[in-house]
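Side chains are part of it too, since the values below use all heavy atoms of this structure and drop only hydrogens, waters and symmetry mates.
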Amino acid sequence: MDRNTPVLTGVRNFRDVGGLPAADGRAVRHGLLFRSGHLAHATPEDVAALAGLGLRSVIDLRGTADLRAERRDVPVPGSTHRSIALTDPAAGPKFHGLLREGDLATLRAELGHGGGEARMIAAYRNRVVTRTGEHALILRSLAEPDGLPALVHCSAGKDRAGWAIAVVLLALGVPEEAILADYLASNGPAQAYRFRRADGTVPEPGSELWTLLRPVFEARPEYLRAAWDAVREHWPDPEAYLRDGLGLTGESRRRLRELLLTDVRLEA
């Protein structure tokens, strides 16, 4: 994380995407693109810190089930809040309710024996193919005159935000290995999502409930790789995905790179 990035107490998984290696020997510029979990529990100090970053847009990828469980974002002065709802991490509102309210036997049947991992992999693959319009809109939003600095978030900041940020980084020419490393940073102790059940309890690490839910709340390499696989199965290559799947024109890509990339020496 950039040393100038604030540490937030009520927002999980907040970080600056700046510093990653990109096209033509350049790097992603610090202070322009951020990612995180939701802002529903942002403290006044958090809001002041976010406003201090000069945020112009907050892109919220949550759907109605998330908003019912977590509430809407606390507004950040100076920024425009934009809702671009994507599918919930593994199957939508029904699955969201299962995680929050399902009894142990039901969770065991649905998530046990690799069921949790399989759901997540299917969700990542499905999001690539069915949500091209939303990901295209995210790219266009960032390229708008008032699009940056921007914060892109979902609930935990790892799945929907994870792939959305991956798409942006792909457009910037960031290597897949660097995109994966940024994605996996969501597993850090200060980043991990604090999931609460409907009764207010938090699954105890090591318990059967925690073990069953763990695949849903971790960032795992196989999840992001499943998304890459889906890209290559439906388009000739990632470039075709950006161009034909998301409608990213050469002019739009040049605009994004002009805004978001800088000479590595300037970032040192």
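Glu251 has no carboxylate O lying under 4.0 Å from a charged side-chain N of Arg254, or vice versa, which leaves the two without a salt bridge. Between Asp60 and Arg72 no salt bridge is recorded (no basic side-chain N to carboxylate O distance below 4.0 Å). With respect to the salt-bridge test (charged N to carboxylate O, under 4.0 angstrom), the residues Glu208 and Arg108 qualify. Salt-bridge formation is detected for the pair Glu144/Arg82: a Lys NZ or Arg NE/NH1/NH2 atom is positioned less than 4.0 Å from an Asp or Glu carboxylate oxygen. Ion pairing of Asp73 with Arg62 is present here, as a side-chain N (NZ or NE/NH1/NH2) and a carboxylate O approach within less than 4.0 Å. Remark: Glu110 engages Arg119 in a salt bridge, criterion side-chain N to carboxylate O under 4.0 Å. With salt bridges taken as basic N to acidic carboxylate O contacts below 4.0 Å, one links Arg253 and Glu239.
The salt bridge (charged side-chain N to carboxylate O under 4.0 Å, His left out) pairs that include a residue from residues 38-56 are Arg56-Asp146, where partners are two or more places apart or lie in different chains.
When all heavy atoms of Leu151 and Ser36 are compared, the closest pair comes out as CD1-OG, 3.4 Å. The minimum heavy-atom distance linking Pro215 with Leu212 is given by the pair CD-O, 3.3 Å.
Ring-plane geometry between Tyr124 and Tyr183 is classed as perpendicular, the angle between the planes exceeding 60 degrees on a 0 to 90 degree scale with a lower cut at 30. Using cut-offs of 30° and 60° for the angle between ring planes, the Tyr241 and Trp163 rings count as tilted.
Cluster membership check: Leu55 does not share its hydrophobic cluster with Val74, using side-chain heavy-atom separations under 4.5 Å among Ile, Leu, Val, Met, Phe, Trp and Tyr.
In this structure, CG on Leu139 lies 5.5 Å from CG on Leu248, to the nearest 0.5 angstrom.
Using a distance-only test at 3.5 Å, with no hydrogens or angles considered, a donor-acceptor pair links the side chain of Asp66 to the main chain of Gly63.
In this model, a donor atom of one side chain and an acceptor atom of the other lie less than 3.5 Å apart for Asn13 and Ser186.
When side chains are defined from C-beta on, Tyr223 counts as touching Ile121, because their heavy atoms get closer than 4.5 Å.
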